[in-house]
Each structure stands twice: as structure tokens, then as C-alpha cells.
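Throughout, protein chains are lettered first and strands after them, A, B, ... in sequence-line order, and every chain is numbered starting at 1. These numbers were taken from a predicted model, which means no experiment stands behind them. Scope of the values below: all heavy atoms of this structure, side chains included, with no hydrogens, waters or symmetry mates.
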2 protein chains.
Amino acid sequence: MTRTVFEKSDVIPMVAEVFRELGYEGASLSKITTRTGLSKGSLYYFFPGGKEEMAAEILAHVEAWFSANVFEPLERDEPITAIQKMWREVDAYFRSGQRICLVGAFALDETRDRFAAMISQYFKRWIEALCAALVRAGAAIEAATAISEEAIGGIQGGLILARALNDEAIFQRTIAGLAERLAKYTQGGSS
Amino acid sequence: MTRTVFEKSDVIPMVAEVFRELGYEGASLSKITTRTGLSKGSLYYFFPGGKEEMAAEILAHVEAWFSANVFEPLERDEPITAIQKMWREVDAYFRSGQRICLVGAFALDETRDRFAAMISQYFKRWIEALCAALVRAGAAIEAATAISEEAIGGIQGGLILARALNDEAIFQRTIAGLAERLAKYTQGGSS
DNA sequence: CATTATAAACCGATCGGTCTATAATGAAAC
DNA sequence: GTTTCATTATAGACCGATCGGTTTATAATG
């Protein structure tokens, strides 16, 4: 029997995809092994702490990806460019609504309680980073806070609708609409 | 041993609450029995088809509730009154974000595939009912379609954020913001 | 040839689901 | 107004399958 050899950096995204498709409770070890092609032996070699450690490392991996590609640009770079980049990255990452947000999904059931700190941290940082970029772009602090919450919430809602209606166009309309509304708060009203 | 006797109309909301808290896969029969106080015997007496029948009947019950309290008023009654009623009912139903939307939660993982028809029907009907009310209130059809999608998506996103950040105020800000934006599309711009 | 990683048998616990015994209920018979 | 009794509903033992997790043996790697 042929054995394929992986390392941890390959394994995390593969397991992550199964959690995204099935949720924490739905992702049984046997589903993870069949869908990834990895045996239990490999899984417990990389994640001695089992399912909970898998999910924790996946959440950390997601957070790191968003930090590098979304949060830090928003916090650091020229704000309008960074916001445009955010919309591009979000559309690509969520595959136009065909892929869900694992952090948002975990928030909905009691899985939240296992990972409460990471989940709240992810959304808090995203909202604050976007808010800061809007303020640097000239928006008033109160308006920037409100519209940032609406934007991040709107993305999550768009993902739910895209899957519920099985229609990726609705996710793209959602983010296009949000991008347009955000643009009104930068540089005094025009995009 | 004392035995409490229920009928099906009592049982559906009790089981529904467990599905809401734990999700479809997380809601094991033993969790359902301990949290509701109902024995397996009672559960399978009311739902011979098991877990899947429980969830299907709960979804039908949710749909019926929204039909009577939200969709039909939007479709039938004076639109501005009906929209105001919608916001009141939504805030009460979701307990200001402390309670999630089961239909939206089911949409996120492969549970969707079991109940695809009911899930898409729920959101389609809600969006169309709101859109129709906005049009009757004087909104242009294209604007009404877009804002209706944003509103229903925004509610779902608000529920995710409320749980993720463990902060019910964010849900109330979300629906207040959406209500205000919707009001701009009725009667030519003022609320 | 030590280290790293894979495969799969194996474990007790829990899974969804079935079954049997019996308690509560309400209408008919008296 | 009791008594009777079929109906309705509850309790929990029980079933095979699957759960998350452990272990042992061994293949790939540098």
C-alpha cells in the first residue's frame, strides 16, 4: 500500500476544510480520515490533543491568515487601498460565498464556549481594524464604528444567504453593496 | 416515579431550543432527553422518524410562526406598520441576539442538504415579502430587492456577531441601523 | 539508522434507534 | 359518580454502529 507523507502545514488546511463543511460536531474522526485521506495515526501524530486541538490550531491558522492579509493592511497601510484589498481577499477567501466562515459557524452553537476567546478576538480585531482604517480615511469615529460592525456582520449574513439560497451571486451583491456604502465614508462621500 | 404528560405542541418548542443551542449534529438524543426532561420513549412516540423528523417538524413550526407573525403581515397589511412590526417581532423572537436562527445555522454545514427546500423557502419568502412591502410603500423595485436582501442578511450577521462577541447590544444596534436604512426607502426618504 | 510519519487494529463510551412494560387519561357503561 | 377500558404517552433497558481516542507495528526520510 502506498503511503503519502505530509507535514503539519499541509494537514491544517485539509482538516480545516472538513470542519468548514461539517461543523465541529459533524466532523467525526472517521469523516475527517475519509475526506482528507489521512489516517487516524497521522491525525493524532500531528494533533495529540485530538479534535479539540485540531480545531484550535485551525482557528489560530485562520486568525494568522486574516492578520497577514486583512487586519494588518487595514491597521498599517493606506486606508482606501487596504479596504479595497479587504474586499478582494474576502471574496477570494470565501470563494464568493461557496465557502463559509468557520469562526462564524463555531459562534452559533455551544462550540463557541470551547473557543470563546479566539472567536471574539477574531471579530473584535476585524471590526476595530476596519474602523481604524475608516477613521484614517477621514470618517467620523462614531460613523466608522457603526459601519464597520455592519460590514463584518453583513459579510457573515451574506455567507448564510449564499448557502441557504444556494446562490453565490447574492454573496457578491452583498459585498459589492457593503463596499459601496463604505466608500461613502471615506474622503467625504465619493468612491 | 412521577410522570409529566405532554402533547406534541408542547414538545416541539422544547426540542427546538436544544437544536438551537447545539446544532443538528450536536443535539444527540441523550442531550435532548436530559435538556428537555423527555424520555426517548416520548420522543420516538411523537417523532417516529427520529432526529430527522424532529428537525423537519421544528423547521415547519418556525416557518409557520414567521408566516403568521412576519411574512403575512408584510404581504398583506399596510407596509410601514408591517415593517415596524417585523422589527419588533424579530427582536423579541431572537431575544435581542441571545437566541440564534435555526434555519440560518442549518444552512452553514451539510445539514443544509437534508433540509435544503425548507431552508431556501424560508429566506426566499422573507426577502420577497419584505421587498413587496417596500414596493407598496413606494420604493423602486430594484432598490427594494437590494435592501431586502441586505436586511435579512444583516439580521443573520447580527446574530453571529452577538454570539461571537457575547454582546446583545450589537444585535440591537444592527437591527436599529437596518430599520433606519429601510425607512429611507419608504415614502420618499423620511422615517 | 534514528527520526518522522502512516496504517489500522483495538478500546470503552456514546451514538441513533427499537422495544416492552406500564402509567395517565378521558369517554362509555353502569 | 364510580368503574371500566381502550387510547395516549412515559420510562428505560437494550441493540448494533459509530464515536473520540490509544496503541503497536512499520514504512518513508535525511
Side-chain angles (χ1 to χ4, degrees), chain A residues 1-59 61 102 105-106 109-115, chain B residues 1-59 61 102 105-106 109-115:
Chain A
M1 54 211 79
T2 107
R3 299 168 66 144
T4 319
V5 171
F6 295 99
E7 43 191 76
K8 202 164 180 176
S9 58
D10 303 319
V11 166
I12 288 179
M14 296 168 76
V15 180
E17 218 48 40
V18 182
F19 276 104
R20 259 188 276 268
E21 289 163 6
L22 301 175
Y24 185 79
E25 295 295 340
S28 69
L29 267 298
S30 79
K31 290 271 179 61
I32 296 171
T33 59
T34 59
R35 295 197 182 204
T36 60
L38 293 150
S39 68
K40 277 190 177 185
S42 302
L43 253 8
Y44 275 84
Y45 173 74
F46 289 120
F47 309 101
K51 241 178 105 163
E52 182 146 1
E53 185 176 333
M54 293 174 209
E57 289 220 36
I58 289 164
L59 287 177
H61 187 261
L102 194 62
F106 279 8
D109 60 35
E110 287 195 0
T111 306
R112 176 191 65 168
D113 302 337
R114 290 177 186 263
F115 307 110
Chain B
M1 56 212 79
T2 109
R3 299 167 70 146
T4 318
V5 171
F6 294 99
E7 42 190 77
K8 202 163 181 178
S9 57
D10 303 320
V11 166
I12 288 179
M14 295 169 76
V15 180
E17 218 49 41
V18 182
F19 277 103
R20 258 188 278 267
E21 290 163 6
L22 302 175
Y24 185 79
E25 294 296 340
S28 69
L29 268 297
S30 80
K31 290 270 179 61
I32 297 171
T33 59
T34 58
R35 294 196 182 204
T36 61
L38 291 151
S39 68
K40 276 191 179 188
S42 302
L43 253 9
Y44 276 84
Y45 173 74
F46 289 120
F47 310 101
K51 240 178 107 164
E52 182 147 2
E53 185 176 332
M54 293 175 209
E57 290 220 37
I58 288 164
L59 287 176
H61 187 261
L102 194 61
F106 279 6
D109 60 36
E110 286 195 0
T111 307
R112 177 191 63 168
D113 303 336
R114 289 177 188 263
F115 307 109

Starting at atom CD of A:E7, determine the distance to atom C1' of C:dT6, rounded to an integer number of angstrom. 15 Å
Provide, to the nearest angstrom, the distance between the CD1 atom belonging to A:I32 and the C1' atom belonging to C:dT6. 17 Å
Any side-chain heavy-atom pair from B:E25 and A:L22 closer than 4.5 angstrom? no
Return the value, rounded to whole Å, for the distance between atom CG of A:L38 and atom C1' of D:dA28. 15 Å
In this structure, CD1 of B:I12 is separated from CZ of B:F19 (nearest 0.5 Å) by 11.5 Å
Can you find a pair of side-chain heavy atoms, one from A:V11 and one from A:T36, that are under 4.5 Å apart? no
Could you tell me how far apart B:L43 (CG) and C:dT18 (P) are, to the nearest whole angstrom? 13 Å
Test B:E110 against every option in A:R35, A:R20, A:K31 by the salt bridge (charged side-chain N to carboxylate O under 4.0 Å, His left out) rule and name the one that passes. A:R35
Measure the shortest side-chain to side-chain distance between A:E57 and A:F46 over non-hydrogen atoms and say whether it is less than 4.5 angstrom. no
Which letter, B, S or -, goes with each nucleotide of nucleotides 14-22 of chain D from 5' to 3', with contact meaning a protein heavy atom under 4.0 Å? -----SBBB
Can you tell me how far P of D:dT10 sits from NZ of B:K8, to the nearest Å? 12 Å
Can you tell me how the ring of A:F106 sits relative to the ring of A:Y24, calling it parallel under 30°, perpendicular over 60° and tilted otherwise? perpendicular
Watson-Crick or G-U counterpart of C:dT25, or none if no pair lies under 3.5 Å: D:dA6
Check the distance between D:dA27's C1' and A:Y45's OH and give it to me in whole angstrom. 14 Å
Please tell me if B:S39 has a side-chain N or O lying less than 4.0 Å from either OP1 or OP2 of D:dA11. yes
